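Numbers restart at 1 for each chain; the letters A, B, ... are given by sequence-line order, proteins then strands. Since this is a predicted model, take the numbers as computed values, not measurements. In what follows, every heavy atom counts, from backbone to side chain, and hydrogens, waters and symmetry copies are set aside.
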Number of protein chains: 2
Amino acid sequence: MAEPERPRSRKRRLDGERSRAAVLDAAIATLGRQADASIEDIAAAAGVVRQTVYAHYPSRTALLTAVIDHLTTETASALDAIDVTSPPPEQALRRWLEASWAVVERYPILLSPVIATAAPPADEHDRHRPVTTRLVDLVRRGRRTGVFEERHSEEWTISAVIALGHAAGQQVAAGRMSSAEAAAAYRDSVLRLVVKLPMAEDD
Amino acid sequence: MAEPERPRSRKRRLDGERSRAAVLDAAIATLGRQADASIEDIAAAAGVVRQTVYAHYPSRTALLTAVIDHLTTETASALDAIDVTSPPPEQALRRWLEASWAVVERYPILLSPVIATAAPPADEHDRHRPVTTRLVDLVRRGRRTGVFEERHSEEWTISAVIALGHAAGQQVAAGRMSSAEAAAAYRDSVLRLVVKLPMAEDD
DNA sequence: CTTATCTTGGACGTACGTGTCTAACTTAAG
DNA sequence: CTTAAGTTAGACACGTACGTCCAAGATAAG
């Protein structure tokens with residue numbers, strides 16, 4: 001965390017940083033396709049050799065951690081770019097859905113069990129919590145203001161939104177829907193599920 | 001399929017069949033919790049030793065196939081018990097949801113990637129298709145009769161229903177919702193998503 | 001150009017899961 | 001009780017992935 005990145009030695013080659021980034025990208029892409037990909041697979045995808053991976057990341061766990069950290073940072077900044085707190089909840093939700101879909105499309109690994117399962121030893125059980133945090137706040141606000149459905153628990157709403165995101169991502173991955181179709185279906189479905197209807201229905 | 005189960009040898013011990021069933025049950029339970037459980041794990045859960053598993057199932061793949069076959073049969077018969085073709089689509093969907101939730105609750109492995117991933121070599125890519133087939137037919141009928149939403153593709157509806165089932169199952173598994181809560185949330189959410197609203201909204 | 005960094009190839013040890021075999025034992029079936 | 005079915009313990013071969021070490025070659029930095 002508090003690492004000043006002190007250039008203590010006189011020579012540092014940007015050569016190294018490039019291959020380090022290549023390995024990280026390859027890990028994200030490869031693990032997104034195959035959650036149990038080996039270091040060998042990742043190295044091949046990065047165009048390097050297994051030992052080079054270990055030169056930058058001491059262990060598989062370390063690489064996994066780096067992947068998750070990178071994704072968390074990227075996602076957080078992508079979601080920070082949108083304002084989700086001031087617009088009316090429905091509008092904010094639309095923006096959140098659009099932004100998060102874009103991120104998921106760029107990093108399909110986010111929908112893979114790699115992230116959830118990769119909790120090393122006794123780390124936080126939800127590393128990607130910083131991402132859903134904004135959604136949680138948004139849902140709470142929508143409920144407080146009376147424009148979001150409150151029939152079921154808040155957590156159910158969150159998990160339903162995530163689950164529909166998974167479904168949309170899988171449709172695209174399976175080639176059964178275009179990215180635009182999936183995005184629209186995802187958006188419409190979530191809104192239909194979350195936003196309270198104009199007139200109250202019976203039970 | 002057409003195996004007369006001929007008692008060709010003079011002695012057959014029901015002892016064997018009991019442990020065979022124990023292994024199968026243990027495999028279903030264990031793989032439901034941990035998709036990559038070893039034969040050792042399954043054997044331990046069954047109260048036997050690894051070699052005993054191999055005495056009944058020649059390979060891991062064979063065991064997996066047996067698990068899937070068993071689940072397919074069980075699920076099919078559970079869903080055959082309900083009539084999903086004659087009642088009005090919404091009512092039929094309610095029944096389908098209730099029945100399929102009961103099955104999923106009994107066999108959490110159905111929501112695990114074990115089933116989808118376990119396609120051996122060039123087998124059907126969807127072994128559990130016989131289960132969703134009924135849902136597909138039901139959704140088609142509801143669309144034709146004009147009571148189900150047609151805004152997005154049929155396949156999206158199916159995959160959304162499955163995805164919400166996953167979400168509900170995970171909530172229960174994580175202890176965040178009771179089984180009854182999850183069932184209700186699942187049912188309500190699917191209906192809200194699938195059934196056309198009384199009055200057409202704008203775009 | 002010199003030097004330290006980086007990558008590479010080769011080899012090695014370890015751990016784990018699969019699948020097979022065999023001999024000894026328990027136990028249900030006749 | 002006798003016999004064959006079934007389970008067990010032990011050992012083995014095999015493959016795969018992880019992680020480490022080292023020496024040689026390529027290359028960017030000064």
Side-chain angles (χ1 to χ4, degrees), chain A residues 5-27 30-68 112-114 117-121, chain B residues 5-27 30-68 112-114 117-121:
Chain A
E5 202 60 60
R6 187 181 305 275
R8 76 278 186 226
S9 55
R10 294 157 297 186
K11 294 196 181 181
R12 301 190 63 197
R13 290 165 57 165
L14 58 88
D15 195 354
E17 191 59 29
R18 285 207 300 118
S19 90
R20 179 190 177 86
V23 169
L24 192 63
D25 289 350
T30 306
L31 292 172
R33 270 183 274 106
Q34 209 180 14
D36 62 335
S38 67
I39 303 283
E40 179 87 43
D41 296 334
I42 295 169
V48 295
V49 152
R50 224 173 77 258
Q51 291 91 326
T52 305
V53 176
Y54 285 106
H56 296 290
Y57 305 96
S59 71
R60 171 174 252 271
T61 309
L63 177 56
L64 258 291
T65 303
V67 165
I68 293 175
S112 132
V114 176
T117 315
Chain B
E5 201 62 58
R6 187 180 305 276
R8 77 278 185 224
S9 54
R10 293 157 296 187
K11 291 195 183 180
R12 299 190 65 198
R13 289 163 57 165
L14 58 89
D15 192 356
E17 192 58 29
R18 286 206 301 119
S19 90
R20 179 189 177 88
V23 169
L24 192 63
D25 289 350
T30 307
L31 292 172
R33 271 182 273 104
Q34 210 180 14
D36 61 335
S38 67
I39 302 283
E40 178 88 43
D41 296 334
I42 295 169
V48 295
V49 152
R50 222 173 81 257
Q51 291 90 326
T52 305
V53 175
Y54 285 105
H56 296 291
Y57 304 95
S59 70
R60 171 175 254 270
T61 309
L63 176 56
L64 258 291
T65 302
V67 165
I68 292 175
S112 135
V114 175
T117 314

For nucleotides 24-26 of chain C, give me every protein contact, N/O to N/O, under 3.5 Å, one pair per line with atom names.
none

Please walk me through it: do B/Tyr57 and B/Leu24 pass side-chain contact (heavy atoms from CB on, under 4.5 Å)? CA-CA 10 Å; B/Tyr57 304 95; B/Leu24 192 63; 3.7 Å; yes
Quick one: pull up CG in A/Leu63 and CD1 in A/Ile42 and give me the separation to the nearest 0.5 Å. 5.0 Å
Atom-to-atom span, CG of A/Leu14 to C1' of D/dG30 - whole angstrom: 14 Å
Hey, which sits more toward the 5' end of DNA chain D by its nearest nucleotide, B/Val49 or B/Glu17? B/Glu17
A/Ala37: side-chain contact (heavy atoms from CB on, under 4.5 Å) partners, not counting sequence neighbours: A/Thr30, A/Leu31, A/Gln34, A/Asp41
Can you tell me how far C1' of D/dG6 sits from OH of B/Tyr57, to the nearest Å? 15 Å
Contact pattern, 5' to 3', of nucleotides 17-22 of chain C - B, S or - by protein heavy atom under 4.0 Å: SBBBB-
Those residues that, when tested against B/Glu40, pass side-chain contact (heavy atoms from CB on, under 4.5 Å) (two or more places apart): B/Ser38, B/Arg50
Looking only at heavy atoms, the pair that brings B/Ala46 and B/Ala22 closest together is CB-O, 3.7 Å
B/His56 side chain N/O closer than 4.0 Å to the phosphate oxygens (OP1, OP2) of D/dT7? yes
Would you tell me if any nitrogen or oxygen in the side chain of B/Thr52 comes within less than 4.0 Å of OP1 or OP2 on D/dG6? no
Excluding sequence neighbours, so at least two apart, what forms salt bridge (charged side-chain N to carboxylate O under 4.0 Å, His left out) with B/Arg13? B/Asp15
What residues form a side-chain contact (heavy atoms from CB on, under 4.5 Å) with A/Gln51, not counting sequence neighbours? A/Val49
Between A/Asp15 and B/Arg18, name the one whose nearest nucleotide on DNA chain C is closer to the 5' end. A/Asp15
Show your reasoning for whether side-chain contact (heavy atoms from CB on, under 4.5 Å) applies to B/Val114 and B/Ile68. CA-CA 9 Å; B/Val114 175; B/Ile68 292 175; over 6 Å; no
